Amino acid sequence: MKYIYGDLVIKNKLLIKAGELYLPEKGVYIFTGDNGTGKSLFMTRMNSDNVQTTSMMPQFSEVIPNLSVIENIAMSLDVHEKEKIKRILHKYGLTYLEKKAPKTMSGGEKRLVSFLRCVFSEATFLLLDEPTNDLDYRIVEKVKEIIHDYSDKKLFLIATHDGRLDDIKTGSIRIENQRIIVSEIVGLSFDGSPQINEESQINMFGDRLEFLAKSIWQNKVFVLFVLFVIALVSCYYIWIHKDMIDRDEDILIDEQEAAVFLSVSSIGGPYIQNGALPIDIIKVFSVSEIWSKDGYSSNEIKYTADVYECLEMTSSKDVRIYPLELYDPEERQTIYTLDFYMKEFLDVNSDDPYIEIDSYRSFRDVFFEKTGSFFDDNIFDDTITKLSELHPNAKPVFCAVSLTDGYSFSTFISDCFPKSDNSNLYAYSRNTHEMSRQITAIAGYKAAFFRVLFFCAIFILVEMLYVIVHLKYKASQIRILICYGFDLISVKRKIVEINNNLLVRIGFIVLYTVVVNVFFWKGSPEYMLLKLLPVLLFFLFDYTGYWVEKLVLKIGLNIVCSWKCRR
């Protein structure tokens with residue numbers, strides 16, 4: 001055979017200069033040279049360039065743990081070939097190998113299996129890199145016997161420093177001064193082209209490669225685990241924010257009613273959690289603009305109890321103001337006007353004077369339930385006058401508001417609070433309740449979205465790292481396929497095909513969507529987009545993860561299968 005090769009350069013260092021190598025069709029040729037001169041690399045390059053007719057035994061031998069010893073040697077599922085291998089092992093007294101488990105084999109036994117795999121292959125040109133390493137003298141004699149018996153059918157090129165193989169060699173090749181020098185060639189016969197057994201080649205690239213690749217590469221369990229964790233985290237964040245979206249509490253306050261209070265109000269405190277918002281926030285947001293804003297959570301509102309201001313509000317033709325709570329900063333006393341009203345004018349003591357008095361209608365209803373008397377606006381005005389005389393420094397800190405028909409809450413806010421600084425002043429109405437609900441929902445789902453985004457990115461990174469580690473762990477086994485005679489493109493294509501988990505991912509997306517639809521999509525239809533975001537995010541990262549994994553696998557296989565790496 002004739003082999004034309006270019007310069008062999010590793011890490012910018014020239015090991016072997018370009019040239020031509022002529023070898024006969026059969027025989028045993030010992031390949032020698034000092035350590036580091038490039039013998040192993042030259043042989044791996046020869047194997048890569050002549051993969052259809054060569055089979056290589058690498059210096060660091062490996063077996064495929066998922067196959068039996070016979071399958072490792074035969075590299076085939078064909079029963080006839082297995083039986084043939086068994087007969088050959090019996091002939092050379094190596095039947096003990098059949099009982100060995102690949103995972104428990106010693107280095108020498110693995111080396112022997114690698115040698116037998118190479119020799120018993122269909123290739124006509126065999127490249128053996130230090131075949132007698134780790135073998136005792138009895139096994140070396142059997143190796144020599146096998147090489148001698150097959151040397152009249154195949155061409156052996158053996159890189160070795162073991163002088164025990166000299167008595168079976170046909171000729172020798174050596175590396176000297178960065179050149180390949182051939183000597184002692186006997187029976188040179190070359191017609192200018194390598195011989196290829198097309199039938200064997202077709203068989204080699206059929207079911208055999210798929211079986212071997214499946215035995216080496218199985219990676220879908222981890223993908224299932226990653227997808228399950230991503231779906232679990234997504235469902236968790238949907239669940240903890242579900243109540244923000246779906247809650248639709250009954251609120252007692254009417255359309256034309258409101259409550260305005262300072263942050264020091266003891267009555268107003270509970271309503272902050274039920275939809276009361278600072279006046280400044282109400283001015284910034286409107287229901288139609290919430291989607292375009294950054295969001296504001298009512299849970300972030302803080303009390304500033306050391307600020308003792310007052311509500312400068314007076315009744316008008318459109319607004320009726322009911323101061324229900326006063327605060328005297330000098331006496332540090334809180335006064336409830338309805339409590340004073342009942343004690344002073346009706347001689348009724350109330351143990352819970354300010355329950356459900358957040359609006360005009362509701363405090364009237366509660367007043368009647370407590371006293372059995374109808375609420376009188378004139379008596380209430382007298383109550384305020386009387387309290388101003390008893391507590392001249394007391395100022396309103398909580399007021400119920402009644403709006404006339406046609407006078408909107410937003411107009412009321414604009415007219416009564418024209419100043420820009422109302423940071424300690426809160427309002428509560430149906431409008432603020434709805435606004436707070438939407439703001440909280442949007443802010444909550446925005447937070448959930450970025451959390452899921454973060455975890456998805458982490459999981460994709462973990463999946464990439466796993467593919468790299470898995471590839472590194474399986475690298476030597478993958479190289480067996482290259483050394484045996486399968487070409488790089490076929491091996492890469494088959495492993496990528498086996499690793500294909502797109503259908504698994506699609507199945508997980510469908511399952512995840514069904515789970516979210518059944519358990520989490522009930523409630524307000526207006527938030528359907530928010531509810532779809534985690535599903536869309538999961539789909540995006542699931543699909544992205546598939547292509548990232550495929551890309552990393554292809555790049556990794558290029559590196560693993562590169563002749564520079566197959567030493």
Side-chain angles (χ1 to χ4, degrees), residues 253 257-272 274 276-280 301-316 318-368 370-371 373-403 412-413 415-419 421-429 432:
I253 199 165
E257 296 175 1
V260 180
F261 57 92
L262 289 167
S263 59
V264 295
S265 168
S266 59
I267 300 177
Y271 299 108
I272 290 180
N274 197 35
L277 293 174
I279 300 294
D280 289 346
I301 299 173
K302 307 296 182 183
Y303 288 104
T304 53
D306 57 337
V307 180
Y308 301 137
E309 302 176 7
C310 64
L311 296 175
E312 301 293 344
M313 298 174 61
T314 57
S315 298
S316 66
D318 295 316
V319 181
R320 179 66 162 95
I321 306 297
Y322 297 92
L324 302 183
E325 182 183 359
L326 308 176
Y327 184 79
D328 191 332
E330 291 190 0
E331 298 180 8
R332 295 185 177 275
Q333 179 181 3
T334 298
I335 303 118
Y336 302 107
T337 56
L338 290 185
D339 186 28
F340 188 81
Y341 179 113
M342 289 185 286
K343 289 179 181 179
E344 186 70 19
F345 296 96
L346 301 179
D347 196 25
V348 175
N349 290 319
S350 174
D351 56 351
D352 195 0
Y354 55 89
I355 184 171
E356 295 190 39
I357 53 175
D358 55 286
S359 69
Y360 171 67
R361 188 203 69 185
S362 62
F363 80 69
R364 280 174 172 262
D365 294 343
V366 172
F367 182 86
F368 179 80
K370 293 287 184 182
T371 64
S373 303
F374 291 102
F375 182 80
D376 191 317
D377 284 348
N378 294 324
I379 297 178
F380 183 81
D381 291 339
D382 294 339
T383 300
I384 299 300
T385 302
K386 183 72 172 179
L387 285 173
S388 63
E389 295 173 355
L390 296 175
H391 304 278
N393 297 316
K395 302 296 182 181
V397 292
F398 184 97
C399 294
V401 180
S402 175
L403 308 176
F412 160 70
I413 293 295
D415 292 347
C416 295
F417 306 99
K419 295 191 301 181
D421 184 15
N422 299 287
S423 58
N424 295 312
L425 195 59
Y426 295 78
Y428 175 60
S429 69
T432 64

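Owing to the predicted nature of the structure, the values given are computational and were not obtained by experimental measurement.
- Residues Thr383 and Phe340 approach most closely at CG2-CD2, 3.6 Å, considering heavy atoms.
- Heavy-atom minimum distance, Pro323 versus Phe380: O-CZ, 3.3 Å.
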How far apart are the C-alpha atoms of Met313 and Val401, what are their side-chain angles, what is the distance that settles it, and do they pass the side chain to side chain contact (heavy atoms under 4.5 Å, CB included) test? CA-CA 10 Å; Met313 298 174 61; Val401 180; 4.0 Å; yes
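- Taking CD1 from Ile279 and CD1 from Ile413, the interatomic distance works out to 3.5 Å, rounded to the nearest 0.5 Å.
- A heavy-atom distance below 4.5 Å is found between the side chains of Tyr336 and Ile267.
- Here CD1 of Ile321 is found 7.5 Å from OG1 of Thr314. Values are rounded to the nearest 0.5 Å.
- Of all the heavy atoms in Ala394 and Ile335, the pair that sits closest is CB-CD1, 4.1 Å.
- His391 NE2 to Gln333 CD: the interatomic distance, rounded to the nearest 0.5 Å, is 5.0 Å.
- Side-chain contact between Glu325 and Phe261 is absent, with no heavy atoms from C-beta onward closer than 4.5 Å.
- With Thr432 contributing its side chain and Ser429 its backbone, the two residues share a donor-acceptor pair below 3.5 Å.
- In this structure, Asp381 CG and Ser315 OG are separated by 7.5 Å, a value rounded to the nearest 0.5 Å.
- The minimum heavy-atom distance linking Ala276 with Tyr428 is given by the pair N-CD1, 3.7 Å.
- Looking at heavy atoms from C-beta onward, Asp377 lies in side-chain contact with Arg320 at the 4.5 angstrom threshold.
- Each of Cys399, Ser402, Pro396 was compared with Tyr322 under the side chain to side chain contact (heavy atoms under 4.5 Å, CB included) criterion, and only Ser402 meets it.
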Quick one: do Ser266 and Tyr327 satisfy side chain to side chain donor-acceptor pair (under 3.5 Å)? Show the steps, please. CA-CA 10 Å; Ser266 59; Tyr327 184 79; over 6 Å; no
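- Between Val397 and Leu326, the closest side-chain pair of non-hydrogen atoms is not below 4.5 Å.
- Ring to ring, Phe375 and Tyr341 are close: their centroids are under 6.0 angstrom apart.
- Between Phe417 and Phe412, the ring planes lie perpendicular to each other; the angle is over 60°, past the 30° to 60° tilted range.
- Distance check: Leu346 CG to Asp376 CG gives 9.5 Å after rounding to the nearest 0.5 Å.
- A salt bridge is defined here as a Lys NZ or Arg NE, NH1 or NH2 lying under 4.0 Å from an Asp or Glu carboxylate O, and Lys386 with Asp382 fails to meet this definition.
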